[in-house]
J.: 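Structure below; questions to follow.
Throughout, a chain's letter reflects where its sequence line sits, starting with A, and its residues are numbered from 1.
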Amino acid sequence: MITRKIEEYLRIALREAQSRGLLPEIDQIDLGIEKSRVPEADYSSTLPLRLARAAGSSPIDIANAIIVSAPKSEMIASIDVAGPGFINMRLSDVWLTSQLDVIAQNGDSFGGSNLGDRTKVQVEFVSVNPTGPLTVGHGRSAILGDVISRIMLASGYEVQREYYVNDTGNQVDLLGQSLRHHYLAAFGIDVPMPSAGYQGEYVREWAGEIIRDHADKYVDLSADEQTIIFVEHGIEIALKSIRDVLSEMDISFDNWFFERQLHNAGAIDEVISRLDSSGYVVRREGATWFTAAGRDDDGGNVLVKRTGDPTYLVADIAYHQDKFQNRGFMRVIDVMGADHHGHVPRMHSALEALGVEASALQYVLCQMVHVVVDGQPIKQSKRSGEFELLSELVADVGPEATRYFMLARDANSQMEFDIDLARNQTDDNPVHKIRYAHARIVSILRRAEQEGLLNQSAELGSLQSADIDLIRIMVRFPDIVNACARDLEPHHLPHFALELAGAFNSYYHSCKVISENQQITRDRLEVVGAVRQVLANCLSLMGIDAPDEMRR
RNA sequence: GCCCCCGUAGCUCAGUGGACAGAGCAACUGCCUUCUAAGCAGUGGGUCGUCCGUUCGAAUCGGACCGGGGGUACCA
């Protein structure tokens, strides 16, 4: 990572300045390294501004003390003081050129790191109740969870992707009863729909599937037997629907964890008694409540209902306790819709009560998605919305555009998904621009191969500023990936991809790669080959296909 | 009422306390005998919701307020 290298460089300069007596001995953890905002520099440090107060001298003087103490480095071409006390550094062309080899040698793993040091991390995402098809909003958290998993994996974590299936409780029961209603209605038997039953048209279709596969064989069963059967069929059909659309988007899981496993293993009772023995459980109004000692109850902490049924909360506590204390995850990242935010503090205090550090469980909450067609938002109606279902969105704009636009926004922000832009097969559409840039390079490399130009080794002596500027962008990629992994914010990836693709397209128009000049040709093939690699790696982290050609 | 998220260019959105706030789209002006014009070059466009505060320095941190959205179940 380049910022790390610059930090090392600057730290040496700082220590040297201190040992020369130019600066007082002050511990400064954060050197304030950032990509420079001015064109004259590549990277800047705000260290002098940060030190000024403690050192009791002006930022300019501090900057000068550091600059004169800076070691010779083949990476840094120049180091200057600027503005109110910035240290501005410019990368040397020689060093930048040498990074082409680094990119080529690292290949598909360029951008990755060992940040995670094999730490065992679980990413739990989607985990939508198996009671209906996935909506566009679910798609956002699915893509986010998938890409976070890819980023963590590339950053040296040992990642398990898990889907938690709530295959027991009220919601699946309601689905079963709703299916039973439609099923029996088809045979002329009128059983009322439960008041909170699932109203969507898909329930009728699913009942039709059951009739197609099993005809009337459930008609004569008792109501209890029917409910059990229809819950089973409902879960099965729902999971198939969910798996199908996720598979279209190339999203898969290492493990599907069924809530029933917990109940069957007695994990619910066990976790309640553990909480109880530590004084975190109270019983009142016929129910069993979780109470975080020393904290205000928020009133939503029922573990066991008056009916004797366990709540979702207690199952989720047992589930997460299992992740940390039985399955050995050091970190768990749960990606879910922001409508569940009220759940977060309860889970954290419950885990603390069980002796698990709350910070080990991180939530990534994503806000709603509004689909926009013809400039008009689609109504979020269960029935009318033509693009409400994820499967319909993917069928319309394709998995690449779906992923790109979902990723391009910070999870904390609500977003509008512009169908018209995503459908667009022209340069107006960023995802096309990026994939096209990749295909364009492959096309150049293909031609170079046909002409036998790829076997000759490049000396890289002919590179111009246009070539170097492309490398300048590419060397930032590992820092981008690192920031995504650190902050669990993948939205930097699409922006970087667009910047690199745009820079390449510009380069392509001003610099001919394959020309009569063999030396320039060889050198530029190295440059565009590196651009292809970095674009491919960035797209791969986003789960977007990097095509070898684009066809009209 | 209380809790969470958001408010940055006409639109959609980036922007680890630092220098003149950026991108894409839209608008306008140019560019196809050339490795894919599915593209490029350029122009215009801003009280960073408002007001206080912290700081050498605030779009960024704190508080209040104003807008928009979501949550506030013995549902999950």
Side-chain angles (χ1 to χ4, degrees), chain A residues 3 30 32-38 41 44 46 49-50 52-53 58-59 82-86 88 127-129 131 166 169-172 174 196 259 285-289 298-313 315-316 337-345 365-368 370 372 375 405 408-418 420-421 424-430 432-433 435-437 439-441 443-448 451 483 486-487 489 491-492 494-495 498-499 502 505-515 521 524 528 549-552:
Chain A
T3 48
D30 187 354
I33 311 265
E34 56 186 30
K35 176 178 166 290
S36 182
R37 301 192 179 188
V38 291
S44 302
T46 56
L49 295 158
R50 291 160 190 265
R53 178 191 293 270
S58 83
F86 294 94
N88 278 350
S127 297
V128 172
N129 284 341
T131 55
N166 299 114
N170 268 345
Q171 299 305 318
V172 288
L174 284 168
E259 185 185 345
E285 300 161 32
T288 304
W289 304 68
D298 63 5
N301 300 340
V302 173
L303 299 174
V304 183
K305 305 176 203 173
R306 199 181 310 161
T307 60
D309 294 324
T311 59
Y312 167 82
L313 174 65
D316 210 32
D339 52 341
H340 292 81
H341 80 269
H343 190 57
V344 173
L365 302 177
C366 67
Q367 297 284 336
M368 299 199 332
H370 297 283
V372 175
F405 288 104
R409 308 291 178 239
D410 184 335
N412 288 325
S413 297
Q414 290 182 30
M415 60 167 285
E416 295 199 356
F417 195 109
D418 186 341
D420 303 311
L421 180 59
N424 207 329
Q425 302 280 311
T426 72
D427 55 313
D428 299 339
N429 185 343
H432 269 264
K433 184 181 286 194
R435 299 176 77 234
Y436 177 51
R440 214 172 209 179
I441 298 171
S443 167
I444 294 171
L445 296 176
R446 192 185 299 125
R447 192 181 134 185
E451 298 182 11
R486 184 194 58 209
D487 303 332
E489 290 186 342
H491 68 270
H492 304 297
H495 290 103
L498 185 60
E499 182 185 351
N505 281 334
S506 174
Y507 172 87
Y508 169 87
H509 278 268
S510 57
C511 301
K512 198 154 165 60
V513 175
I514 298 176
S515 67
T521 300
R524 285 191 172 157
V528 299
E549 61 181 340
M550 302 287 268
R551 293 187 173 278
R552 285 175 190 276

J.: For A:A338, which contact category applies under a 4.0 Å heavy-atom criterion: base, sugar-phosphate, or nothing?
T.: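 Since no nucleic acid heavy atom lies under 4.0 Å of A:A338, the category is nothing.
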
J.: Can you check the A:H370 NE2 to B:C5 C1' distance for me, whole Å?
T.: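 Spelled out: NE2 on A:H370 to C1' on B:C5 is 12 Å.
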
J.: With a 3.5 Å cut-off and just heavy-atom distances, do the side chain of A:T131 and the base of B:A76 make a donor-acceptor pair?
T.: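 No pair found.
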
J.: B:A76, B:A41, B:A38: which one has an atom nearest the side-chain heavy atoms of A:M550?
T.: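 Nearest listed nucleotide: B:A38.
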
J.: Does the side chain of A:N424 reach to within under 4.5 Å of the side chain of A:H432, using non-hydrogen atoms?
T.: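 Answer no - side chains too far apart.
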
J.: Side chain of A:K433 only, please: which of B:G24, B:A76, B:C35 is the nearest?
T.: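 In terms of side-chain proximity for A:K433, the closest of B:G24, B:A76, B:C35 is B:G24.
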
J.: Please work out if A:P84 contacts a base, only the sugar-phosphate, or nothing of the nucleic acid, heavy-atom cut-off 4.0 Å.
T.: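 Nothing, no nucleic acid heavy atom in range.
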
J.: Rounded to the nearest 0.5 Å, what's the gap from SG on A:C366 to CD on A:Q414? Could you check?
T.: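 Rounded to the nearest 0.5 Å, the SG-CD separation comes out at 11.0 Å.
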
J.: For the base of B:G24, is there a side-chain donor-acceptor partner from A:H495 under 3.5 Å away?
T.: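 No, no donor-acceptor pair under 3.5 Å.
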
J.: For A:R50, report the nucleic acid contact type (base, sugar-phosphate, nothing); a contact means any heavy atom under 4.0 Å.
T.: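 Base, at least one base heavy atom under 4.0 Å.
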
J.: For B:C25, give the paired nucleotide (Watson-Crick: N1-N3 plus N6-O4 or O6-N4; G-U: N1-O2 and O6-N3; both under 3.5 Å), or none.
T.: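 WC or wobble partner is B:G10.
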
J.: Let's see if you can work this out: which of B:C35, B:C74, B:G70 has an atom nearest to the side-chain heavy atoms of A:M368?
T.: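 Looking only at side-chain atoms, A:M368 lies closest to B:G70.
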
J.: Considering only atom C1', compute the distance from B:G70 to B:C74 and round it to an integer number of Å.
T.: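 Comparing C1' positions in B:G70 and B:C74 gives a spacing of 23 Å.
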
J.: Give the nucleotide from the list B:C35, B:G18, B:C74 with an atom nearest to the side chain of A:R306.
T.: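 The closest nucleotide is B:C74.
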
J.: Counting heavy atoms from C-beta on, name the nucleotide in B:A23, B:G69, B:A19 closest to the side chain of A:L498.
T.: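 Closest of the options to the side chain of A:L498: B:A23.
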
J.: Searching all strands shown, indicate the nucleotide that pairs with B:G46 (Watson-Crick or G-U wobble; both distances under 3.5 Å).
T.: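 Its partner is none (no Watson-Crick or G-U wobble pair with both distances under 3.5 Å).
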
J.: By nearest nucleotide on RNA chain B, pick out whichever of A:D30 and A:V304 is the more 5' one.
T.: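 Comparing both residues, the 5'-ward one is A:D30.
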
J.: Hey, does A:T288 reach any base, or is it just sugar-phosphate, or nothing, if we go heavy atoms under 4.0 Å?
T.: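 No contact.
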
J.: Using a heavy-atom cut-off of 4.0 Å across all strands, would you classify A:C366 as base, sugar-phosphate, or nothing?
T.: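 The answer is nothing, as A:C366 stays clear of every strand by at least 4.0 Å.
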
J.: Taking N and O atoms by type only, does the side chain of A:N88 place a donor or acceptor under 3.5 Å from a partner on the base of B:A19?
T.: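 Indeed there is one.
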
J.: Between B:A14, B:A19, B:C35, spot the one nearest the side chain of A:V38, thanks.
T.: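 That would be B:A19.
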
J.: Who are the salt bridge (charged side-chain N to carboxylate O under 4.0 Å, His left out) partners of A:E285, not counting sequence neighbours?
T.: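 Result, salt bridge (charged side-chain N to carboxylate O under 4.0 Å, His left out) vs A:E285: none returned.
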
J.: For A:K305 and A:G32, find the nucleotide of RNA chain B closest to each by heavy atoms; which residue's nucleotide sits nearer the 5' end?
T.: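 Checking each residue's closest nucleotide, the 5'-ward one belongs to A:G32.
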
J.: Just call it for A:I33: base, sugar-phosphate, or nothing, with non-hydrogen atoms closer than 4.0 Å on any strand.
T.: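 Base, at least one base heavy atom under 4.0 Å.
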
J.: Between A:H492 and A:E489, what is the shortest heavy-atom contact and its length?
T.: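 For A:H492 versus A:E489, the nearest heavy atoms are CD2-O, 3.3 Å.
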
J.: Is there a side-chain polar atom (N or O) of A:R440 under 4.0 Å from OP1 or OP2 of B:A37?
T.: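 Looking at the OP1 and OP2 atoms of B:A37, one of them is under 4.0 Å from a side-chain N or O of A:R440.
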
J.: So A:H492, base contact, sugar-phosphate only, or nothing? Heavy-atom distance under 4.0 Å.
T.: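 Contact class for A:H492: sugar-phosphate only.
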
J.: Please report the distance separating the C1' of B:C66 from the corresponding atom of B:G45, rounded so that it comes out in whole Å.
T.: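 Approximately 26 Å lies between the C1' atom of B:C66 and that of B:G45.
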
J.: Check every strand shown and say whether A:E499 touches a base, only sugar-phosphate, or nothing at a heavy-atom separation below 4.0 Å.
T.: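 Contact class for A:E499: none.
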
J.: Under the rule syn = chi within 90° of 0, otherwise anti, which is B:C25?
T.: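 Nucleotide B:C25 adopts anti.
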
J.: Can you check the distance between B:A73 and B:A59, where both ends of the measurement are the C1' atom (answer in whole Å)?
T.: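 These two C1' atoms come out 39 Å apart once rounded.
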
J.: Would you classify A:S36 as touching base, sugar-phosphate or nothing, given that sugar-phosphate means primed atoms plus P, OP1 and OP2, and contacts are heavy atoms under 4.0 Å?
T.: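 Base: the residue A:S36, judged by heavy atoms under 4.0 Å, touches a nucleobase.
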
J.: From the set B:U16, B:C35, B:G70, return the single nucleotide nearest to any side-chain atom of A:Y508.
T.: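 The nucleotide sitting nearest to the side chain is B:C35.
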
J.: Quick one: label A:E416 by what it contacts on the DNA or RNA (base, sugar-phosphate, nothing), any heavy atom closer than 4.0 Å.
T.: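 The residue A:E416 makes sugar-phosphate contact but no base contact.
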
J.: By nearest atom, which of the nucleotides B:A76, B:G18, B:C25 is closest to the A:F86 side chain?
T.: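 Out of B:A76, B:G18, B:C25, the nucleotide with an atom closest to A:F86's side chain is B:G18.
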
J.: Nearest to the A:S413 side chain among B:C40, B:C6, B:C25, which nucleotide is it?
T.: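 Between B:C40, B:C6, B:C25, the one nearest the side chain of A:S413 would be B:C6.
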
J.: When the ring planes of A:F405 and A:F417 are compared, do they come out parallel, tilted or perpendicular, using 30° and 60° as the limits?
T.: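 Taking A:F417 first and then A:F405, their aromatic rings stand perpendicular (interplane angle over 60°).
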
J.: If pairing requires Watson-Crick or G-U wobble contacts with both distances under 3.5 Å, which nucleotide is the partner of B:A59?
T.: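 Its partner is none (no Watson-Crick or G-U wobble pair with both distances under 3.5 Å).
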
J.: Identify the nucleotide, in any strand shown, that forms a Watson-Crick or G-U wobble pair with B:C40, with both distances under 3.5 Å; if there is none, say none.
T.: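 Base-paired to B:G30.
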
J.: Which part of the nucleic acid, if any, lies within reach of A:D339 when heavy atoms closer than 4.0 Å are counted: base, sugar-phosphate only, or nothing?
T.: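 The residue A:D339 makes sugar-phosphate contact but no base contact.
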
J.: Using atom NE2 of A:H343 as one end and atom C1' of B:G71 as the other, report the distance to the nearest whole Å.
T.: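 After rounding, the reported distance stands at 14 Å.
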
J.: Sort out the partner of B:A19 for me: Watson-Crick or G-U wobble, both distances under 3.5 Å, none otherwise.
T.: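 Partner of B:A19: none.
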
J.: Looking only at side-chain atoms of A:N170, point me to the closest of B:G18, B:C35, B:A76.
T.: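 Nearest to the side chain of A:N170 among the choices is B:A76.
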
